[in-house]
Amino acid sequence: MAEESDVERTEPASARRLEQAREEGQVPHSRELAAFLVLLASVSGFWTMGGWFSQHATAIMRTGLSFGRAEAFDSHAMGNTFLTLSWQALSLAAPVFLLCIAAGIATPFLMGGAVFSPKGLALDFSRLDPLSGFGRIFSVQGVAEMVKAILKAALVGAVTYWVVVHQTGALFALFTQSLDTGFRSFANLLLLAAAALVFGVGLIAGIDVPFQLWQYYSKMRMSKEELRQESKESEGDPQVKARIRRQQRELAKKRMMSEVPTADVVVTNPSHYAVALKYDSQNMSAPQVVAKGMNLIAQTIRELALDNGVPLLEAPPLARALYRHTDIGDQVPAALYTAVAEVMAYVYQLNQFMAGDGKMLAPRPPVSLPVPAAMDPGALEMVPQ
């Protein structure tokens, strides 16, 4: 089987790719969800405030349909009445308008967050290309929009048909009812039809939202080459990073080796491990590891110590324990205090002997240092000797 081509967008979009899309104004959106929420808000508002709305709407209608002799002969009365009633009608509908505006604002947050991007407002003359326009019409998105338009038209027709067929008696009864009763009956019919419409639009939105999310993330998918390129841009070229790490290790090694001549003692394995210790009673609460290494690095540490007169002490368990449980710059672990204290006492005596007039006997190197078995890797596994 042929290997999958890197040109194919088979990988999910990275977080950086999605963030760049947001900056360009590309976010998932569903007009059907917005229509459903706005319609739901308006119907809920009318349903909740139905009594109050009906009362005030009846008053506005009664005022608009009644006039006296003075108004009939006043040329300005109609204009003034129209302005007054229009303001009252707007005030009456204001709560529902505010609910619809809030629903429209909330829609983007339900689809992944609102975004304002100047790039999305920039002119794109390529969208004026007729060929591209025909391509969009016959694309998956265009077909989906056409199907949704047909469904919505069928939905409105079905709701209208249902109201006419099942509420025929209620509709004809409106002609025989008083203004108050007729208005309430008509409002109930409208709310019933609107509730059925909300249910249908909700079904369409329930299908459209997953489709829009699937289409958006499919569009955002990336090829393997794009992922590799993004990784290079965000984290740097792997070869460059490897070279930087190698240079950092070299610098760290040089700094470590420069500390060996200042050490008080180098504890060895004797050949596979070497750990340099330094103790300053004025500035340190415990001896500190200034250098450590194994094999070739250990050999270099030993050679530097010999060249600079730093004592070497062969103590394999202690060398292994220090190498395993400390890093450069760390103080000696508390579990090794006793063993290291014996080493530092030996170094102190050795320095006194070397500085004396020869009358003093050379100190004997400590043996059988108290290193806990749990700290010595050599007590649990085979190590080179």
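Basis for what follows: all heavy atoms, side chains included, without hydrogens, waters or symmetry-related copies. These numbers were taken from a predicted model, which means no experiment stands behind them. Quick note: residue numbers are just sequence positions, from 1.
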Please check if the side chain of [X] supplies one atom and the backbone of [Y] the other of a donor-acceptor pair under 3.5 Å.
| X | Y | value |
| --- | --- | --- |
| Asn283 | Asp280 | no |
| Asp264 | Tyr279 | yes |
| Glu226 | Ser223 | yes |
| Lys292 | Tyr323 | yes |
| Gln288 | Gly329 | yes |

Handout entry: Gln352/Tyr348 under side chain to side chain donor-acceptor pair (under 3.5 Å): CA gap, chis, key distance, verdict
Key = CA-CA 6 Å; Gln352 282 189 324; Tyr348 176 74; 3.0 Å; yes
pair [X]-[Y]: side-chain heavy atoms closer than 4.5 Å:
| X | Y | result |
| --- | --- | --- |
| Pro333 | Thr326 | yes |
| Val209 | Glu32 | no |
| Val290 | Met256 | no |
| Arg320 | Arg324 | no |
| Val266 | Ile301 | yes |
| Pro12 | Tyr217 | no |

Practice task
For Gln212 and Tyr216, test the side chains for any donor-to-acceptor distance below 3.5 angstrom and give the result as yes or no.
Solution key: no
Practice task
Mind running side chain to side chain donor-acceptor pair (under 3.5 Å) on Gln331 and Ser285 for me, showing each step along the way?
Solution key: CA-CA 8 Å; Gln331 291 187 344; Ser285 59; 3.2 Å; yes
Practice task
Scan Val267, Val371, Leu277 and name whichever one has a side-chain contact (heavy atoms from CB on, under 4.5 Å) with Val340.
Solution key: Leu277
Practice task
Examine Leu98 and Trp47 and state if one hydrophobic cluster contains both, with Ile, Leu, Val, Met, Phe, Trp and Tyr joined whenever side-chain heavy atoms are less than 4.5 Å apart.
Solution key: no
Practice task
To the nearest 0.5 angstrom, please state how far the CG atom of Leu155 sits from the CG atom of Leu203.
Solution key: 8.5 Å
Handout entry: Enclosure of Leu83 CG (heavy-atom neighbours >12, cutoff 6.0 Å)
Key = yes
Handout entry: Whether over 12 other heavy atoms sit under 6.0 Å from Tyr337 OH
Key = yes
